[in-house]
Asker: 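Could you have a look at this structure, given as structure tokens, before my questions?
Below, chains carry the letters A, B, ... as their sequence lines are ordered, and counting in each starts from 1.
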Amino acid sequence: MKSTKFIVADADKCIGCKICEVACHAAHDNLNYTVGAQYSAITPRLHVMQVNGKYVPVQCRQCEDAPCANACAIGAITEVDGKIIINEKTCIGCKACLVACPFGAIDLRPQIHNGEVVTQPRLKTLQDADENKSVLVAYKCDLCAENETQACVAACPENALRVYNALDDSKAKALQSALALHAI
Amino acid sequence: MSHNLIHIDKDICTGCRRCVDVCPVDAIHGQSGTPHEINLDTCVACGQCVQVCSSYLSEFESTPTIYAEKLAKRGMLSSVHEPLFAAYAQCHTHEVKDALANKNLFTFVQCAPSVRVAIGEEFGMPLGVLTPGKLAAALRRLGFDRVYDTNFGADITIMEEGSELLHRLTSGEGKLPMFTSCCPAWVKYIEQDYPDLLEHLSSCKSPMGMAAPVFKTIGAEIDNVDPAKIYSVAVMPCTCKHFEAARPEMNASGYQDTDVVITTRELAQLIKDAGIDFVNLPEEEFDQPFGEYSGAGAIFGVTGGVMEAALRTGYELLTKEQIPQLDLEFVRGDNGLRTADVALGDMTVKIAVVAGLDSAAKVLESVKAGTCEYDFVEIMTCPEGCMTGGGQPKLLLDGHRKLAFNQRRAALYSHDKDLPVRKSHENPSIKKLYGDYLGEPFGHHAHDLLHTTYTPRKVK
């Protein structure tokens, strides 16, 4: 049996520097190297949270029985190569996945295509009748589906993040237990 | 001596302490997990904390009003729309914009060597792209009356510093080792941490500090303008140059020699604010006579560059022979300390090149202990020299820093290689400056304009 992998952080190692968030933005939305050449806001797919004076990033668990996918009315969320992926092109911004996600790992942000914010074909707001509303879509950690390495894991100066394979880890722990029993 | 140049925004700082790790003078204080503060008395304004800081103002915690307030507090133009990080350098772009709009002022600008190998990065061009022509064109379109160059100032520095070194080596007057004095963060550091060793510092002003009084005296004469009406701007890769320019003694012209300093990043913001399409600008020349420079002037941007430039000229002034090899690979490198014994005719000169104040402290301690063998030491504060300065484009990711540094360094050396003149003393405009105005290098008139003194500033 296979299970999806996910990225998990070690709260004891995290220093709260947020470079994982910056790296996530760089890997997904950015073609340029420097801060002055950023043409869109930093909208990362993981978020460093502060709880009781400690920091730790929170991101998608790639749930086996993904509540977000089960809640999506238009089937925009599917499992692709062991990753739960939101199709940002077909997403209609209904937010059902945000409601369904028990971890708060999904957010809404403007859809970006070639560095430009995509706007609605007709939908306007009453306050700003001259401009079409921007398209808002759900987005979350995709384990850097386009790349071989995970940007946040690679960028962390404290090695606080890792790609976790729960089944393999569980088997390894079972083996350790068996060895311990033999030793008795 | 305090300044108001580098700050940490309490609203954004998470207390991760990555800046504490890079601060060379332990000026950043705070408890892990809570916002930190900078002691501006001990801070040497190198801006490396600004470069390393990764805690940014999240969209989720910000509104357009909060963002605009932060821009205003940082002295940034309201047209800027880049992410804001906790550690920042105070900007002076409004002053420059106002001066350019003031028709009563005659505006001069000079650009440091490192600006031309990094500013393109802020417009999405490749890391370390060499753009002197576009830089000159952009400055002209911003409205500067004279587009001059710090590289020319670097060539003057070599004439003065090279002559000063030969004087110290041959006359027995003045202390050895002689330390370079181009880097304002290093100068502030030795003034406050090793005030007893100030006589080892070269009396030379920096390239910016030499060019500025030349502009307001000889430049004013050439253009027939009242120096009181000249507004002189310097564009630097450095967050500490503003501190240097504001020193009260930097007034050899009878006025404050440099009116304002902005960084490479700030210049990019001004160019964007003016709607100038930097990437598609034509290649233009810097203005004459103070825009002509040698390859030796260009490599001031990289650690070892001042040493290499000084050796090219020092060798020829002393031996009256052509230096056999122009590319002095043994002084080139990155962080830390490099040493060599260099034969100048019959004399062997022991040299050292230092990048980083931790390595500088080791040299200073050896001088204190009387065990230092070097004759001449180049010292820069930033990791690999000015092209890695605190005012350079900030790399979004740590992983790209080394790549950017390597590309910027390669661009400076290739610029040097491609220039028709590669030794400061062979720059025709330098020959003319000394022939027509200054007289002898390290002479009386040169001393008045181009040399300075230092002040012990022990921090209590």
Asker: Which residues satisfy the ring-ring contact (aromatic ring centres under 6.0 Å, His included) test with B:Phe85, sequence neighbours excluded?
Answerer: none
Asker: Tabulate, with distances rounded to 0.1 Å, every donor-acceptor pair spanning chain A and chain B at under 3.5 Å.
Answerer:
unit_1, atom_1, unit_2, atom_2, d
B:Thr14, O, A:Tyr55, OH, 2.8
B:Thr14, OG1, A:Gly16, O, 2.6
B:Gly33, O, A:Gln50, NE2, 3.4
B:Gly33, O, A:Tyr55, OH, 3.3
B:Ser54, OG, A:Cys17, O, 2.7
B:Ser55, N, A:Cys17, O, 3.4
B:Tyr56, O, A:Lys18, NZ, 3.0
B:Tyr56, OH, A:Glu21, OE1, 2.4
B:Glu121, O, A:Thr34, OG1, 3.1
B:Glu122, OE1, A:Thr34, OG1, 2.5
B:Glu122, OE1, A:Gly36, N, 3.2
B:Lys272, NZ, A:Gly36, O, 2.5
B:Lys394, O, A:Val35, N, 2.9
B:Leu396, N, A:Tyr33, O, 2.9

Asker: If you measure from CG on B:Leu84 to CD1 on A:Ile42, what distance do you get to the nearest 0.5 Å?
Answerer: 9.5 Å
Asker: Among A:Ala23, A:Cys17, A:Cys14, which residue forms the greatest number of heavy-atom pairs with chain B at distances under 4.5 Å?
Answerer: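 That would be A:Cys17.
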Asker: Tell me the closest heavy-atom pair linking A:Gly16 and B:Cys16, and the distance in Å.
Answerer: C-CB, 4.0 Å
Asker: According to side-chain contact (heavy atoms from CB on, under 4.5 Å), who are the partners of B:Ala274, at least two apart in sequence or on a separate chain?
Answerer: B:Leu142, B:Ile276
Asker: My understanding is that only residues two or more places apart in sequence, or in another chain, count here; which of them pass side-chain contact (heavy atoms from CB on, under 4.5 Å) with B:Asp358?
Answerer: none
Asker: Please identify, among B:Leu403, B:Leu397, B:Leu57, B:Val80, the residue contributing the most non-hydrogen atom pairs under 4.5 Å to chain A.
Answerer: B:Leu397
